[in-house]
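Inspection log for the structure reproduced underneath, given as structure tokens.
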Amino acid sequence: MPKLTVQNLYNRQVEVAAGQTLLQALQAEGIDWMHACGAKGRCTTCRIIVREGLEHFGPLTGNEERYRISGRLKDNERLTCQCTLESGDATGRVPAQTMLPHLKYGS
């Protein structure tokens, strides 16, 4: 099963099951993650900055493509409520703008 490592959450690793979004996998492990629109792909607050393994993600969803075209989602960012990890491991970071105040983050 592919694993996601979140660098600035002290390299916390989360297994991502087939068909499971990253947000679902993070929540299943008890990790709180910003998602202001309720995981409907209507905002970009749940984004993750992908540092390694971008090639292991599933294709962009329609919502992600729309945000990419409008410049609200960079080439190395994905929406955790929309994307899946399909063929291998990946490493990412929580963007500074969406860090939750009650969590402690590393560097």
Side-chain angles (χ1 to χ4, degrees):
M1 193 175 312
K3 287 183 185 157
L4 171 68
T5 302
V6 184
Q7 288 178 328
N8 56 348
L9 284 177
Y10 303 99
N11 290 312
R12 181 90 183 260
Q13 291 190 340
V14 176
E15 289 187 343
V16 183
Q20 188 179 40
T21 67
L22 266 61
L23 183 60
Q24 290 168 336
L26 289 159
Q27 289 178 326
E29 287 294 317
I31 299 172
D32 206 3
W33 197 277
M34 173 75 78
H35 57 288
C37 72
K40 294 178 177 41
R42 295 184 184 153
C43 69
T44 60
T45 60
C46 73
R47 72 189 181 279
I48 186 169
I49 301 168
V50 181
R51 302 299 285 261
E52 295 177 20
L54 192 58
E55 68 275 12
H56 300 303
F57 283 78
L60 290 171
T61 66
N63 290 333
E64 288 179 304
E65 286 181 12
R66 187 175 71 246
Y67 288 122
R68 180 83 39 94
I69 290 167
S70 70
R72 292 185 59 198
L73 195 65
K74 297 177 185 173
D75 289 344
N76 66 332
E77 294 178 330
R78 296 294 303 264
L79 299 181
T80 63
C81 75
Q82 299 286 296
C83 69
T84 57
L85 193 52
E86 296 185 347
S87 61
D89 298 345
T91 301
R93 297 180 62 79
V94 181
Q97 303 92 326
T98 61
M99 288 180 174
L100 296 169
H102 64 279
L103 292 179
K104 290 198 180 269
Y105 295 89
S107 54

Polar side-chain atom of [X] near backbone of [Y] as donor-acceptor pair, under 3.5 Å:
X   : Y   : result
Q20 : A17 : yes
Y67 : T44 : no
R47 : P95 : no
T21 : C83 : no
T45 : A36 : yes

Could you give the distance from [atom1] ([X]) to [atom2] ([Y]), rounded to the nearest 0.5 Å?
X   : Y   : atom1 : atom2 : result
E77 : C46 : CD    : SG    : 10.5 Å
Q13 : T5  : CD    : OG1   : 4.0 Å
K40 : L79 : NZ    : CG    : 14.5 Å

With sequence neighbours excluded, tell me which residues meet side-chain contact (heavy atoms from CB on, under 4.5 Å) with [X].
X    : result
R66  : N63
E52  : T91
S107 : none

For [X] against [Y], the heavy-atom pair lying closest together:
X   : Y   : answer
P2  : G88 : CB-O, 3.3 Å
G53 : A90 : O-CB, 4.1 Å
E55 : S87 : O-OG, 4.2 Å

Pairs in or reaching into residues 78-101: which pass salt bridge (charged side-chain N to carboxylate O under 4.0 Å, His left out), with residues at least two apart or in two chains? E64-R78

Among all residues two or more places apart in sequence or in another chain, which pass the side-chain hydrogen bond (donor to acceptor under 3.5 Å, both in side chains) test with D32? H102

Quick one: are E15 and E29 in side-chain contact, heavy atoms under 4.5 Å? no

Is H35 close to C81 at the side-chain level, that is, under 4.5 Å between some pair of heavy atoms? no

Which ILVMFWY residues can you reach from V6 by hopping between side chains whose heavy atoms are under 4.5 Å apart? L4, L9, V14, V16, L22, L23, L26, I31, W33, M34, I48, V50, L54, F57, L85, V94, M99, L100, L103, Y105

